[in-house]
Amino acid sequence: MLDIRRIRNDLDAVKAALARRGEDTSELDRAFELEARQRRLVLERDQLRNRVRTLSKQVGGLHREGKGEEAAAVQDDSRRLGAEEARLAEEAGTLGAELRDLLLRIPNLPHPDAPDGEDDTDNPVIKVVGFDPDGYGAHQRVPHWEVGEELGILDNARAVKISGSMFTMPRKGGATLARALCQLALDRNADAFEEVRPPSLVLTETLAATGQLPKFADDAYAVERDDLWCVPTAEVPLTSLARDEVVDEVDLPMRLMAYTPCYRREAGSAGRDTRGMLRAHEFDKVEIFAYAAPSSAPKLLEEMLGRAEATIVELDLAYRVVEICTGDLGQSHHRSFDVEVYAPGCDQWLEVSSVSWFADYQARRANIRYRPTAGKGTELVHTLNGSALAVPRVWAAIVEAYRQPDGSVRVPLALLPYFRGATEIR
RNA sequence: GGAGAGGUGCCGGAGUCUGGUUGAUCGGGCUUCCCUGCUAAGGAAGUGACGGGGUAACCCGUCCGUGGGUUCAAAUCCCACCCUCUCCGCCA
């Protein structure tokens, strides 16, 4: 959520920044006006409350001195003021709640360097690595859902029987491949990131801290009976790990990584990418994450993007990096980059990683601060995260790119340690 | 799920029965200073967060698990909920 004081003091600049996202800025006017009213009420309420407290202390004193009648008179005054104070407090509370709800729905401001644009077609391609459109043989031009069926390593028909449409079920070497990819991503980032295995069912406030709620409730699975939500990404529990805490600056950046299953209802994308592994309600992902002091955030963003790329390089897949333009930026994102691998069989660039910097947007929602080594008080941390590796699409790209003329799939070198001696999936 | 105990500041731990200058006794920790002099002991002062007002010094308000209620006044009384610990039950 945005800093209300910034809206108060620099409304035009905030509006200009938000407008770059193609966002309606009238919400900001409403927030500005709401907050001004709320602040006036709180001030009045505080003054009344102070009066009531003062009078109450007098009552105590008078009773001790045995002046019952005088005490009763003061009590009457205080009671009248108290009633007025309660009325103001209620009004201020209502306005405060309204303001907070409004602020929770206003997206983050884009980074000044984020490219302008309306939608994903405006995302500039930053670089392309290892891609030769003519370098693929006919045996690699088979979509992974066909390869999967042929080799018996992807049994989506049964997944649908078990759980309904848009669920997947890798089997045999395909299942090993999925697990190996998670393992690889964790192993390659263990040098700098603490491994965490967080819960994948979380409270409403946990989902709200990252920005999924209240605006995107339809995208998440809810376990209503127990007021829990299935996490759409490990970003969600990791962001709340330090919620309502104050960390020392010397402990920053705090780097965490986690494997979790990810659950997405994909409301609005029904019927899209329904084949194979491209889009599913449940998939596996390894996420890398950091809490950082603001000054070190840009460097970390770069590093995390580099790490996402490095794993793809090690898997020897062609990929490209795109920067997300202002119109395509996610609600909480300040600046973002996607890594897309090329899948020769379905002839598509598949988004396999998204690395983002949130500035203090999530930290303000989640109340995560740090104590600067120099100076007094506390500051909000910055949060960053990125997919170290999202399994399904990398799985698809490997199955297609590593397919051999005889129809088997060679195991990538980097994954051999996880394949129990097998060098091929057949 | 059942029974019992408990949740207070950076930590430990009073205060709750008997509501009243209690942001909260005391101890520890931490910071600064003094003494001593060398990695010990002693003395003094300071030590939270958040919001608001003020050029500033500073002032006001909120916070004793959370949310309600009673009252002139709540850490203290009442209700609901959450969490922790112990025992029982169930269980991968």
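Every chain is numbered from 1, with letters handed out A, B, ... down the list of sequences.
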Return the pairing partner of [N] with a 3.5 Å limit on both distances, Watson-Crick or G-U wobble; otherwise return none.
N: B/rG51; value: B/rC60
N: B/rU25; value: none
N: B/rG9; value: none
N: B/rA3; value: B/rU86
N: B/rC81; value: B/rG65
N: B/rG20; value: B/rC72

Please report the distance separating the [atom1] of [N] from the corresponding atom of [M], rounded so that it comes out in whole Å.
N: B/rU8; M: B/rC63; atom1: C1'; result: 12 Å
N: B/rU76; M: B/rG9; atom1: P; result: 15 Å
N: B/rU16; M: B/rG6; atom1: C1'; result: 13 Å
N: B/rC50; M: B/rA56; atom1: C1'; result: 22 Å
N: B/rA24; M: B/rG13; atom1: C1'; result: 13 Å
N: B/rG89; M: B/rC82; atom1: C1'; result: 22 Å
N: B/rG19; M: B/rC77; atom1: C1'; result: 8 Å
N: B/rU86; M: B/rG27; atom1: P; result: 32 Å

Decide, yes or no, whether a salt bridge links [X] with [Y] under the criterion of side-chain N to carboxylate O below 4.0 Å.
X: A/Glu303; Y: A/Lys299; value: no
X: A/Asp76; Y: A/Arg80; value: no
X: A/Arg403; Y: A/Glu150; value: yes

A/Glu35 or A/Thr54: which one's nearest nucleotide on RNA chain B is closer to the 5' end?
A/Glu35

By nearest-nucleotide position on RNA chain B, the 5'-leaning member of A/Asp46 and A/Arg64 is A/Arg64

Does the plane of the ring in A/His281 sit parallel, tilted or perpendicular to the ring in A/Phe167? Use 30° and 60° as the thresholds.
tilted

Carefully, step by step, assess A/Trp357 and A/His382 under the rule side chain to side chain donor-acceptor pair (under 3.5 Å).
CA-CA 8 Å; A/Trp357 172 18; A/His382 278 200; 3.1 Å; yes

Nucleotide nearest [X] when distance is taken to its side chain, options [options]:
X: A/Arg53; options: B/rC72, B/rG52, B/rG61; answer: B/rG61
X: A/Arg49; options: B/rA49, B/rG20, B/rG61; answer: B/rG61
X: A/Arg5; options: B/rG20, B/rG51, B/rA49; answer: B/rG51
X: A/Val52; options: B/rA73, B/rG53, B/rC50; answer: B/rA73
X: A/Arg79; options: B/rC72, B/rG61, B/rG53; answer: B/rC72
X: A/Ser56; options: B/rC60, B/rU21, B/rC72; answer: B/rC72

Please report, rounded to the nearest Å, how far the [atom2] atom of [N] is from the [atom1] atom of [X].
X: A/Glu379; N: B/rA49; atom1: CD; atom2: P; answer: 12 Å
X: A/Tyr370; N: B/rA49; atom1: OH; atom2: C1'; answer: 17 Å
X: A/Arg243; N: B/rC50; atom1: CZ; atom2: P; answer: 18 Å
X: A/Asp77; N: B/rA73; atom1: CG; atom2: C1'; answer: 14 Å
X: A/Leu48; N: B/rA73; atom1: CG; atom2: P; answer: 13 Å
X: A/Gln47; N: B/rG54; atom1: CD; atom2: P; answer: 11 Å
X: A/Glu90; N: B/rG67; atom1: CD; atom2: P; answer: 16 Å
X: A/Asn50; N: B/rC60; atom1: CG; atom2: P; answer: 7 Å

May I ask you to check if A/Arg410 and A/Tyr402 form a cation-pi contact, with NZ or CZ under 6.0 angstrom from the six-membered ring centre and within 45° of the axis?
no

Using only side-chain N and O atoms of A/Arg45, determine if any of them is under 4.0 Å from OP1 or OP2 of B/rC60.
no

Taking A/Asp155 as the fixed residue, which of A/Lys172, A/Lys161, A/Arg171 is the one that meets the salt bridge (Lys or Arg N to Asp or Glu O under 4.0 Å) rule?
A/Arg171

Assign [X] to base, sugar-phosphate, or nothing according to its heavy-atom contacts below 4.0 angstrom with the strands shown.
X: A/Arg80; result: nothing
X: A/Gly61; result: nothing
X: A/Val59; result: base

Checking A/Thr210 against A/Glu235: is there a side-chain donor and acceptor pair closer than 3.5 Å?
no

